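Below, all heavy atoms of this structure are taken into account, side chains as well, without hydrogens, waters or symmetry copies. Model, not experiment: these values are computed from the prediction. Here is how names work: the chains are called A, B, and so on, in the same order as the sequence lines, proteins then strands, and each is numbered from 1.
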2 protein chains.
Amino acid sequence: MRPLFHPALEDIRPEAILYALSDPERVAIFAKLATAGCGGTCSALADLGDRVIPKSSLSNHFKVLRESGLIRSERQGVEMRNQTRCAELDERFPGLIRSILVAYGQLPGQLETMSREKSRDGQ
Amino acid sequence: MRPLFHPALEDIRPEAILYALSDPERVAIFAKLATAGCGGTCSALADLGDRVIPKSSLSNHFKVLRESGLIRSERQGVEMRNQTRCAELDERFPGLIRSILVAYGQLPGQLETMSREKSRDGQ
DNA sequence: TCAACAGTTCCGAATTTCTGAACTACGGAA
DNA sequence: TTCCGTAGTTCAGAAATTCGGAACTGTTGA
């Protein structure tokens with residue numbers, strides 16, 4: 001297995017982020033990952049409720065998320081641990097991830113403190 | 001020529017917005033359109049500096065932008081007038097368009113007053 | 001009626017996406 | 001050590017999408 005590629009923060013491109021998150025399945029995966037308490041393994045995320053994502057497709061979704069800079073993946077024993085790079089990303093693209101998740105109606109609790117411009121003026 | 005389709009505000013899907021703006025050429029077009037004073041015709045937007053977009057590709061870019069709900073197109077005589085739907089969009093997806101354009105380093109002056117959560121807390 | 005222009009549609013080539021099947025990597029049991 | 005089971009990756013070919021030149025449509029002005 002070839003080593004996993006993760007772009008450096010400064011190499012993350014907005015078009016890659018938007019492309020990765022223009023697929024509702026990937027958004028669902030990313031949003032679940034951003035939810036504290038989720039193990040972050042592939043198999044834990046395959047079930048979308050209405051359909052189970054084939055594992056080759058799932059693996060590809062993780063690759064797209066990883067190489068766009070949205071998540072970090074690390075092998076831990078037999079499984080893969082995935083976590084979002086939200087904090088870093090918010091530094092580089094302030095408010096971007098947050099407003100995307102809000103648009104999808106997927107803002108998880110953990111992210112509610114991500115951007116400072118949060119609930120300052122009543123909304 | 002078949003009539004131009006524009007989605008109603010409530011039918012606009014975030015995945016379509018992100019997909020449309022995951023292409024840097026379309027972002028460049030959209031950002032130019034958002035700039036006050038730009039005529040908004042296709043031919044006025046074909047020149048990207050480093051390359052001229054073929055007109056069939058350009059027409060397709062406009063179609064993607066239009067059908068995702070990002071712009072409104074209206075025939076005016078022989079040419080087509082295009083304008084962004086930023087104000088409406090910001091109502092439906094607060095802060096989204098703004099943070100995307102900021103991420104691309106493309107925030108035009110007109111939009112600086114778009115979102116209320118702007119420069120409230122120093123940045 | 002015709003020519004010129006702005007933009008759209010068509011269609012074939014190139015690229016990308018999808019997913020089942022085969023494969024690799026690791027851990028545990030014997 | 002060898003074998004097995006589990007987690008995930010890679011491969012490969014079918015399907016879908018994108019790209020862009022050529023032909024076409026709609027509009028204005030002569």
Can you name the residues that form a side chain to side chain contact (heavy atoms under 4.5 Å, CB included) with A:Pro24, not counting sequence neighbours?
B:Glu15
Do the non-hydrogen side-chain atoms of A:Glu88 and A:Arg72 ever get within less than 4.5 Å of each other?
yes
Flag, side chain of A:Tyr19 to backbone of B:Leu21, donor-acceptor distance under 3.5 Å:
no
Strictly under 4.0 angstrom, non-hydrogen atoms only: write out the protein contact profile of nucleotides 24-30 of chain C, one letter per nucleotide from the 5' end, B, S or -.
SSBS---
Which residues in residues 15-23 of chain A have at least one heavy atom lying under 4.0 Å from any atom of DNA chain C?
A:Tyr19
Atom pairs, N/O to N/O, protein against nucleotides 20-23 of chain D, distance under 3.5 Å?
unit_1 : atom_1 : unit_2  : atom_2 : d
D:dG20 : OP2    : B:Ser57 : OG     : 3.0
D:dG20 : N7     : B:Ser56 : OG     : 3.3
D:dG21 : N7     : B:Ser56 : OG     : 3.0
D:dG21 : O6     : B:Ser56 : OG     : 3.1

Main chain of B:Gly40, side chain of B:Asn82: is a donor-acceptor contact present, judged purely on distance under 3.5 Å?
yes
Side-chain donor-acceptor contacts of residues 61-70 of chain B below 3.5 Å, not counting sequence neighbours, with atom names and distances?
unit_1  : atom_1 : unit_2  : atom_2 : d
B:His61 : ND1    : B:Arg26 : NH1    : 3.3
B:His61 : NE2    : B:Glu25 : OE1    : 2.9
B:Arg66 : NE     : B:Ser73 : OG     : 3.1
B:Ser68 : OG     : B:Val64 : O      : 3.2
B:Ser68 : OG     : B:Leu65 : O      : 2.9

Should B:Gln83 and B:Leu33 count as side-chain neighbours, where that means a heavy-atom distance under 4.5 Å?
no
Hey, does the side chain of B:Thr41 come within less than 4.0 Å of C:dA6's phosphate (OP1/OP2), counting only N and O?
no
Does the side chain of B:Ile71 come within less than 4.5 Å of B:Ile29's, by heavy atoms?
no
Would you say B:Arg92's side chain and B:Leu9's backbone share a donor-acceptor pair under 3.5 angstrom?
yes
Can you find a pair of side-chain heavy atoms, one from B:Leu89 and one from B:Ile12, that are under 4.5 Å apart?
yes
Among residues 59-74 of chain A, which residues get a heavy atom nearer than 4.0 Å to DNA chain C?
none
Could you tell me how far apart B:Leu4 (CG) and C:dA6 (P) are, to the nearest whole angstrom?
18 Å
Determine, using the 4.5 Å side-chain heavy-atom cutoff (strictly less than), whether B:Val102 and A:Ile100 are members of one ILVMFWY cluster.
yes
If you measure only the distance, is there a donor-acceptor pair under 3.5 Å linking the side chains of B:Ser99 and A:Ser99?
yes
Measure from CZ on A:Arg26 to C1' on C:dT17 and round the result to the nearest Å.
10 Å
Side chains of A:Ile53 and A:Leu45 in contact at under 4.5 Å (non-hydrogen atoms)
no
Flag side-chain contact, heavy atom, 4.5 Å: B:Ser22 against A:Arg13:
no
